[in-house]
Structures are given as C-alpha cells and as structure tokens.
Amino acid sequence: MPSADITTVHPDIIQSHILPLLDGPALASAASATSQLRRLCIEHHLWHNICSTTWPSLNDPLAAALVSTFPAGHRSIFSDSFPSIHYSPPNHHPTSPPPEELVSAVDLYHKGKPVFSRVIRTETRKGWFLCSPLWVDLLDSNELVPTPLMFPQSNEEEWLKELEEDLSLSWIMIDPTRKRAVNLSSRTPVAARRHWLTGEMEVVFAVAMDLVQCIIKVTCCGKSGGAMHVREVSLTMEDMDGRHMIGRDSVVILQGAMESGKRKKVDSLEARARYEKFCRVKRERRERKMRRDKAVDTVAMLVAFTIFALLFWCMTFCA
C-alpha cells in the first residue's frame with residue numbers, strides 16, 4: 001500500500017496536532033517543503049511559542065514590543081538569532097549613523113532549562129559610549145543570581161568540566177532602527193577557568209569574527225560546599241592585539257553582522273576551535289610585539305650609548 005502524502009492530511013490536523021510539536025529548525029524545513037505547508041508554517045502563534053520557549057527574555061514587554069515591529073515578527077527574530085553567526089568585517093566602514101540604542105535580550109540556562117533572563121538597553125549615541133571600550137554589564141554591582149549548582153569541596157577539574165557541560169547562554173543583540181538582530185553567544189562555553197586574582201569561576205562564551213571577537217563572561221561565586229551564584233555577566237569586544245573595541249567601532253561591526261553575517265548551524269566544537277585560534281594568534285601577535293619593542297629599546301640604548309661615548313671622547317681629547 002503506497003504511503004500517504006502529508007498534503008492529503010486535513011490542514012486543521014497539521015496545524016493543530018503536528019506543527020506545534022516541531023522545533024524551530026524543523027518548522028523552517030517544513031515550510032520549504034510545499035506551498036501548502038509554507039502557508040501553515042508561517043502562522044504567527046507557532047513562531048511566538050517557539051521563541052517564547054527558547055528565549056524567555058523575549059517575553060519581556062520591551063523585547064516583545066520590538067519583535068512585533070520586525071517584518072515577520074517572531075519568525076524574523078528566530079531567523080536572525082537561532083543559528084550561529086559567521087561574519088568577516090570589511091575594511092571600509094559604513095557612514096550611516098548608529099542607532100539611538102541597542103537592546104540585549106539575554107538568557108542563562110542550566111542543563112537546558114532557563115534560570116535567568118534579562119533585557120537591557122544600551123544607549124549608543126552618548127559620548128561616553130562612542131569613545132569608551134564596549135562593556136555591557138547585565139547585572140548590577142551588588143546583584144547575585146542563584147543557580148541550582150553547588151560548589152564542590154574538591155576536584156576542581158571535574159567542577160570546571162561540569163560548568164562547561166551544564167551552563168549555556170544566549171545573548172541576542174537587537175537593532176530597533178533596522179529591525180535586525182544577532183546572537184553574540186557561542187551558546188555553549190568555549191572555556192571555563194578560575195580567575196587568577198579573585199579565585200572566582202569564569203565561564204566564557206565567544207564568537208570570533210576574523211580580526212575581532214565578542215566575549216561574554218559569566219562570573220560565578222560561592223563557598224565550597226554551598227550554592228553557586230552568578231555575580232557578573234558582561235559583553236566585550238576585542239581585537240587581535242587584545243585591545244577592547246570602542247563603542248563607535250563595535251556598533252559598526254554589530255550592524256554589519258546583523259545585515260551581512262551568515263547564519264549557520266551551531267557547532268560547539270567549531271566555536272571552541274575558533275576561540276582557541278583567536279587566542280593563539282592574539283598571543284603570538286603580543287609576543288612578536290614584545291620582541292619588536294625589546295629590539296627597538298636595545299637599538300635606542302646602543303645609539304644613546306654611542307652618542308654619549310662620542311661626546312665624552314670629544315670633551316676629553318678635543319678640549
């Protein structure tokens with residue numbers, strides 16, 4: 001008996017009992033199958049439910065109002081924000097003015113379950129932002145976010161591995177002017193380490209874009225054997241020389257990533273490899289610079305010594 005085509009199933013059954021069970025990528029694939037499925041798959045409530053479940057931060061009134069202005073609403077924000085971003089900034093910079101603000105919708109997960117969500121505004125036309133290094137703090141200085149994790153009393157390596165496996169993060173940056181968005185997180189950590197000075201745990205999420213890299217650090221604190229709290233969640237952008245990008249240049253790169261960046265399937269191994277490559281190149285560039293500076297200092301000392309020796313000889317024998 002030949003198998004039945006899905007188009008023979010009543011549209012009400014497909015829309016009520018089949019499509020709501022699909023996740024975002026599956027729903028997008030179904031939409032490209034037939035024209036009939038496309039009409040059913042672009043229903044607003046389907047994408048609203050998917051985005052609300054995937055990113056609870058988008059339920060915030062500010063984020064919800066912004067998403068409603070996108071060309072296809074939640075379907076547009078999902079298309080912009082779900083895949084991993086791959087972008088190479090061009091050498092020339094566009095001359096269009098920056099938006100008045102950028103909006104960050106951030107979600108922190110533990111074993112796939114949301115434990116913390118927040119939406120914040122960042123004004124981008126202020127002098128302090130344009131001329132200062134980009135640094136977006138999600139939490140207040142005295143704020144602590146509880147997590148279900150407990151600090152172990154020993155075996156630090158296993159604990160760091162557990163952080164890498166259990167924590168994940170999404171950081172959606174929204175441009176309200178152009179109605180575009182981009183996810184600046186690698187979703188899964190690219191590194192977990194103990195801070196050399198404070199002893200606190202740092203979980204790093206990063207997206208490398210050739211010569212620059214967006215870095216999100218989640219700083220965890222707590223006492224041995226007690227509950228772990230998140231003390232800081234911050235976003236920065238740095239170049240190959242380890243310098244923090246200033247706000248003006250960062251906005252240009254972010255807008256370019258929103259408009260021209262390629263969205264690909266999230267690959268945690270690739271994200272980690274790109275982060276490690278970026279760090280390795282950055283370290284090599286720093287070492288070369290140090291060797292070059294040392295050589296310049298040595299030449300300058302030799303020149304100064306030679307001049308001093310000549311002056312001394314002239315004063316001694318030519319007087």
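All residue numbers refer to positions in the sequence shown, counting from 1.
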Take C220 and H229 through the side chain to side chain contact (heavy atoms under 4.5 Å, CB included) test and state the conclusion after the steps. CA-CA 6 Å; C220 305; H229 294 76; over 6 Å; no
Report the C-alpha separation of W135 and D137 in whole Å, then their side-chain angles, then the decisive distance to 0.1 Å, and conclude whether the side-chain hydrogen bond (donor to acceptor under 3.5 Å, both in side chains) test is met. CA-CA 6 Å; W135 189 292; D137 274 323; 3.0 Å; yes
So R194 and E200, salt bridge (charged side-chain N to carboxylate O under 4.0 Å, His left out) or not? Walk me through it. CA-CA 6 Å; R194 184 180 289 277; E200 296 175 329; over 6 Å; no
Take E43 and L46 through the test side chain to side chain contact (heavy atoms under 4.5 Å, CB included) and record every step on the way to the result. CA-CA 6 Å; E43 287 293 329; L46 293 172; 4.1 Å; yes
Step by step, work out the side chain to side chain contact (heavy atoms under 4.5 Å, CB included) result for D80 and V182. CA-CA 6 Å; D80 275 354; V182 63; over 6 Å; no
Checking R193 against V204 for the side chain to side chain contact (heavy atoms under 4.5 Å, CB included) test, could you report, in this order, the C-alpha distance in whole Å, the side-chain angles of both residues, the deciding distance, and whether it holds? CA-CA 8 Å; R193 60 206 179 200; V204 182; 3.7 Å; yes
Check the pair E100, R121 against salt bridge (charged side-chain N to carboxylate O under 4.0 Å, His left out), reporting the backbone distance first and the verdict last. CA-CA 10 Å; E100 293 186 359; R121 282 179 160 136; over 6 Å; no
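Here the side chains of D239 and F278 are not in contact, with every heavy-atom distance at 4.5 Å or above. A 4.5 Å side-chain heavy-atom check between P83 and K265 finds every atom pair outside the cut-off. Within the 4.5 Å cutoff, the side chain of Y109 has heavy atoms near those of the D107 side chain. Two residues are said to be in side-chain contact when any heavy atoms from C-beta on lie closer than 4.5 Å; E165 and T188 fail this criterion. In this structure, the side chains of I215 and M237 stay at 4.5 Å or more apart for every pair of heavy atoms. The closest side-chain heavy-atom distance from L102 to I174 is not below 4.5 Å. At least one side-chain heavy atom of D175 sits less than 4.5 Å from a side-chain heavy atom of Q255. Between M245 and I253 there is a side-chain heavy-atom pair separated by less than 4.5 Å.
The environment of CD in E276 is crowded: more than 12 heavy-atom neighbours from other residues, nucleotides or ligands sit within 6.0 Å. Enclosure of atom NZ in K179 by more than 12 non-hydrogen atoms of other residues, nucleotides or ligands within 6.0 angstrom is indicated.
The side chain to side chain donor-acceptor pair (under 3.5 Å) with W171 is formed by just one residue from the set S186, S104, S185; it is S104. The only option from R274, K262, R263 that meets the side chain to side chain donor-acceptor pair (under 3.5 Å) definition with H86 turns out to be R274. The one candidate from R285, K289, K282 that meets the salt bridge (charged side-chain N to carboxylate O under 4.0 Å, His left out) condition with D241 is R285.
V281 and L211 fall within a single hydrophobic cluster, where Ile, Leu, Val, Met, Phe, Trp and Tyr side chains are chained together by heavy-atom contacts under 4.5 Å. Transitive grouping of hydrophobic side chains (ILVMFWY, heavy atoms separated by less than 4.5 Å) keeps M240 and V190 in distinct clusters. Y275 and Y87 are not part of a single hydrophobic cluster, where members link through side-chain heavy atoms under 4.5 Å apart. Tracing side-chain contacts under 4.5 Å through hydrophobic residues (I, L, V, M, F, W, Y), one never reaches I42 starting from F70; they form parts of separate clusters. V145 and V218 fall within a single hydrophobic cluster, where Ile, Leu, Val, Met, Phe, Trp and Tyr side chains are chained together by heavy-atom contacts under 4.5 Å.
When all heavy atoms of I172 and S81 are compared, the pair lying nearest together is CG2-OG, 3.4 Å. Shown here for C51 and H74, the closest heavy-atom pair between the two residues is SG-O, 3.3 Å. Nearest heavy atom pair, residue L184 against residue V207, reads O-CG2, 3.3 Å. The shortest non-hydrogen separation linking S57 to V119 is O-CG2, 3.3 Å. In this structure, P99 and V251 approach most closely via the heavy-atom pair CD-CG1, 3.8 Å. Heavy-atom minimum distance, I50 versus L27: CD1-CD2, 3.6 Å.
At distances below 3.5 Å, not a single donor-acceptor pair connects side-chain atoms of D140 with backbone N or O atoms of N142. Checked by atom type and distance alone, the side chain of R231 never pairs as donor or acceptor with a backbone atom of T219 at under 3.5 Å. Side chain of S132 to backbone of F129: no donor-acceptor contact under 3.5 angstrom is found.
Distance NE2/H110 to OG1/T147: 6.5 Å, rounded to 0.5 Å. Taking CG from L149 and NZ from K111, the interatomic distance works out to 7.5 Å, rounded to the nearest 0.5 Å. Once rounded to the nearest 0.5 Å, the distance linking OG of S52 with NE2 of H45 reads 12.0 Å. In this structure, CD on E238 lies 6.0 Å from CD on Q213, to the nearest 0.5 angstrom. The structure places CD1 of I120 at 9.0 Å from CG of L139, a figure rounded to the nearest 0.5 Å. Atom OG of S168 is separated from atom CZ of F205 by 6.5 Å, given to the nearest 0.5 angstrom.
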Show me the side-chain donor-acceptor pairs of residues 298-312 shorter than 3.5 Å, one per line, residues at least two apart or across chains.
{"unit_1": "T298", "atom_1": "OG1", "unit_2": "K294", "atom_2": "O", "d": "2.9"}
{"unit_1": "T306", "atom_1": "OG1", "unit_2": "L302", "atom_2": "O", "d": "2.7"}

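No side-chain donor from either of H48 and R75 sits under 3.5 Å from a side-chain acceptor of the other. Judged by distance alone, the side chains of W55 and S170 do bring a donor and an acceptor atom under 3.5 Å apart.
The pair E143-R118 meets the salt-bridge criterion, since a charged nitrogen lies less than 4.0 angstrom from a carboxylate oxygen.
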